[in-house]
Amino acid sequence: MNGIPFVKMHGLGNDFVVFDGRRDPAVLDLDDATAARIADRKTGVGCDQLIVIEPARDDLADAFMRIRNNDGGEVQACGNATRCVANIVMGELGRKDVIIETVVGLLDANGLADGRVTVDMGQVKLDWRDIPLSDAVDTNHIPLSLGPLSDAVGVNVGNPHGVFFVDDAESIDIEKFGPVLEHHEMFPERANIEVCSIIDENKIRMRVWERGVGVTRACGTGACAAGVAAARRGLTGRKVEVILDGGPLTIEWLPDDHVLMTGPVATSFSGFLHASLLGNH
Ligand SMILES: N[C@@H](CCC[C@H](N)C(=O)O)C(=O)O
């Protein structure tokens with residue numbers, strides 16, 4: 001079969017086209033337009049994020065992963081895809097613990113006996129400069145309102161998040177408010193927007209509008225941000241289950257500010273990318 005092989009994977013319905021740049025150097029230099037073409041759900045393969053596994057740069061890491069959103073833009077972090085890539089690398093190496101390198105650092109991942117994967121998403125950042133925000137405001141109470149949404153929590157999990165708490169997350173028109181907030185001037189690098197309601201001190205319902213994508217069924221870094229934001233506000237403990245449209249993730253905010261995310265990994269199919277999608281006819 002001609003073409004570049006890929007595997008289609010997902011974590012709770014947040015779906016990825018995964019290329020292996022260690023084997024197929026043609027995918028190492030994808031530009032934004034090409035990535036967007038591959039990610040397009042009508043004329044490409046279709047995915048929320050496009051992932052390229054590359055050789056590790058750091059001696060401690062087992063592989064490097066590059067992440068692009070559905071719009072083609074490169075981003076720093078993706079929790080659900082990190083579990084998927086960790087699962088691939090664990091299978092290759094026959095180990096249950098691997099280190100995945102991203103542009104924002106090294107992430108430890110462990111395979112559990114039930115098939116789920118835990119990833120240490122690194123230390124969350126809570127300073128306004130690190131989210132980043134455009135003003136020096138309290139990141140636990142960002143003065144930002146739109147319709148029924150106000151008083152956000154800013155969290156950086158490698159990527160920027162604005163978390164809103166409401167009584168009933170289901171009642172919020174996230175398709176209407178998400179894109180406006182993603183592009184709000186308070187977020188100079190744009191932001192992923194989470195709308196959450198507290199079920200009890202151990203459980204949060206979360207819906208997400210992802211930067212560069214739109215509504216997705218799950219966002220791993222978003223769930224980390226929601227867990228940290230809820231604990232910071234005193235609404236939950238530091239270990240919670242976050243219920244996304246696609247199912248639950250377990251999030252634990254450790255005393256050293258690292259955040260552990262645990263959830264499933266799934267493979268949908270594999271295939272070969274037609275050369276025309278790379279721009280080679
Ligand atoms: N789906 C992801 C997050 C992907 C990146 C995000 N859209 C951004 O622009 O930062 C996850 O599982 O964390």
Side-chain angles (χ1 to χ4, degrees), residues 8-18 32 35-36 39 41 46-52 65-87 100 102-105 107 109 116-122 124-125 130-133 152 154-163 174-175 178-179 181-184 187-196 204 206-229 242-251 253 258-266:
K8 182 81 193 295
M9 301 185 80
H10 71 94
L12 298 175
N14 177 200
D15 64 337
F16 315 112
V17 169
V18 183
D32 292 9
R41 293 198 183 275
C47 60
D48 294 328
Q49 273 85 33
L50 186 147
I51 307 297
V52 180
M65 71 184 272
R66 193 173 296 285
I67 307 157
R68 287 178 181 278
N69 277 331
N70 174 275
D71 68 1
E74 187 173 343
V75 289
Q76 312 89 332
C78 178
N80 291 323
T82 307
R83 294 199 311 281
C84 292
V85 170
N87 205 53
I100 305 300
T102 67
V103 290
V104 286
L107 307 177
R116 290 180 305 156
V117 173
T118 297
V119 179
D120 179 341
M121 293 301 296
V124 284
K125 295 189 186 136
D130 295 325
I131 307 297
L133 301 179
V155 184
N156 184 295
V157 191
N159 54 357
H161 295 266
V163 183
I174 199 161
E175 305 243 8
L181 291 164
E182 173 192 347
H183 293 93
H184 195 282
F187 299 113
E189 293 181 10
R190 301 165 34 219
N192 299 284
I193 303 298
E194 286 81 25
V195 175
C196 302
I204 302 170
M206 181 192 116
R207 295 173 62 217
V208 63
W209 175 271
E210 279 196 39
R211 175 178 68 166
V213 187
V215 172
T216 64
R217 288 195 209 166
C219 176
T221 50
C224 295
V228 168
V242 180
I243 314 292
L244 302 125
D245 289 355
L249 287 175
T250 302
I251 304 298
W253 184 20
H258 281 244
V259 180
L260 303 182
M261 170 204 58
T262 301
V265 166

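Start at 1 and go down the list; that is how both ligands and their atoms are numbered. The analysis underlying the following values was restricted to heavy atoms, covering all of them including side chains, and did not include hydrogens, waters or symmetry mates. Quick caveat, the model's predicted, so the values are computed rather than measured.
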*Asks:* Which protein residues have a heavy atom under 4.0 Å from ligand 1?
*Replies:* Asn14, Gln49, Asn69, Val75, Ala77, Cys78, Gly79, Asn80, Asn159, Asn192, Glu210, Arg211, Cys219, Gly220, Thr221
*Asks:* Keeping the roles fixed (side chain from Asn69, backbone from Arg211), state whether a donor-acceptor pair exists under 3.5 Å.
*Replies:* yes
*Asks:* Without placing hydrogens or testing angles, list every side-chain donor-acceptor pair under 3.5 Å for residues 217-224, not counting sequence neighbours.
*Replies:*
| unit_1 | atom_1 | unit_2 | atom_2 | d |
| --- | --- | --- | --- | --- |
| Thr221 | OG1 | Asn159 | ND2 | 3.2 |
| Thr221 | OG1 | His161 | NE2 | 3.2 |

*Asks:* Main chain of Val103, side chain of Gln76: is a donor-acceptor contact present, judged purely on distance under 3.5 Å?
*Replies:* no
*Asks:* Can Asn14 and Asp48 be counted as having a side-chain donor-acceptor contact under 3.5 angstrom?
*Replies:* yes
*Asks:* What pair of heavy atoms forms the shortest contact from Gly46 to Asp15, and how long is it?
*Replies:* O-OD2, 4.0 Å
*Asks:* Output the distance between atom CD1 (Ile193) and atom CD (Glu210), rounded to the nearest 0.5 Å.
*Replies:* 11.5 Å
